[in-house]
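Values below: all heavy atoms of this structure, side chains included; hydrogens, waters and symmetry mates excluded.
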Amino acid sequence: DSGVTQTPKHLITATGQRVTLRCSPRSGDLSVYWYQQSLDQGLQFLIQYYNGEERAKGNILERFSAQQFPDLHSELNLSSLELGDSALYFCASSGGTSGATDTQYFGPGTRLTVL
Amino acid sequence: ILNVEQSPQSLHVQEGDSTNFTCSFPSSNFYALHWYRWETAKSPEALFVMTLNGDEKKKGRISATLNTKEGYSYLYIKGSQPEDSATYLCAFPPRGSARQLTFGSGTQLTVLP
């Protein structure tokens, strides 16, 4: 158990809908990262937050947004969902600001299925 | 090399065999190289973060070496056990960024009893 929690574990929804994925980092960690794992692709970095501020942005679609709240939990909002958004979404956290040198601890993931 | 490349893509070994696989990355603007282990139906688990050329790290029967000048890292597993079966991922910051990781596609290891 990494100490990172994610809810829900599974989510099934329809195209065009909007969903929110939630992540609570390990106690004391200020950085949160979101990743997407699609069927034919490896882990893709989406976005990083540090202490409430956006720090780095990867291949995140404009339909997707994220935020980190004062209590350090983070939410990833996915809107106008398409079939291709079906994937496993991971949240990770670390104690530092650098995604490059800090160990990242991954949560169990949320499996999103868009029908 | 523009991105992280891992080889082989998959590997089957017998219990007790030692094995190793490779992660290749761009050698310029090096920050760090990460190794993760990802078991089926679980989440990626951090093994090592390596930052210095010549670094060697060890965790139980698993060890890793780093050559930043030539842009490669090796992961070794000594005396493989069935519980070592997993996908081993390496990750590296993409060109121009020190704040995010690009993951390789992984080496899928199966240890046969």
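Using a 4.5 Å cut-off between heavy atoms, A:Q37 contacts chain B through its side chain alone, with no backbone atom that close. In this structure, no portion of B:L33 lies under 4.5 Å from any heavy atom of chain A. Heavy atoms of A:Y105 lying under 4.5 Å from chain B are absent altogether. Interface remark: B:Y36 contributes side-chain atoms only to the contact with chain A (heavy atom separation under 4.5 Å). For A:T103, the parts sitting under 4.5 Å from any heavy atom of chain B are the backbone and the side chain alike.
Environment of CG in A:N59: sparse, with no more than 12 heavy atoms of neighbouring residues, nucleotides or ligands closer than 6.0 Å. The environment of A:L83 atom CG is dense: over 12 non-hydrogen atoms of other residues, nucleotides or ligands sit within 6.0 angstrom. For A:R55, the CZ atom sits in a packed shell: over 12 heavy atoms of surrounding residues, nucleotides or ligands are nearer than 6.0 Å.
A continuous path of hydrophobic side-chain contacts links A:F64 to A:L112 [ILVMFWY only; heavy atoms under 4.5 Å]. Linking ILVMFWY side-chain heavy atoms closer than 4.5 Å, directly or via other members, places B:Y74 and B:F30 in two distinct hydrophobic clusters. Tracing side-chain contacts under 4.5 Å through hydrophobic residues (I, L, V, M, F, W, Y), one never reaches B:Y72 starting from B:M50; they form parts of separate clusters. Criterion: ILVMFWY side-chain heavy atoms under 4.5 Å apart, direct or through other members. Under it, A:W34 and A:F90 are not part of a common hydrophobic cluster. If you chain together hydrophobic residues whose side chains sit under 4.5 Å apart, B:L112 and B:V13 never meet in one group.
A:T101 and B:T51 get closest at one heavy-atom pair: CG2-CG2, 4.4 Å. When all heavy atoms of A:G107 and B:S43 are compared, the pair lying nearest together is O-CB, 2.8 Å.
Considering NE2 of B:H34 and CG of A:D102, their distance stands at 7.5 Å, rounded to 0.5 Å. Atom CG of B:L101 sits about 9.0 Å away from atom CD of A:Q48, to the nearest 0.5 Å. Here CD of A:Q104 is found 10.0 Å from CD of B:Q100. Values are rounded to the nearest 0.5 Å.
With respect to chain A, the highest number of heavy-atom pairs below 4.5 Å among B:S105, B:P44, B:A32 belongs to B:P44.
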CA sep, side-chain torsions, deciding dist, call: A:Y35, B:F103, ring-ring contact (aromatic ring centres under 6.0 Å, His included): CA-CA 10 Å; A:Y35 291 89; B:F103 280 80; 5.5 Å; yes
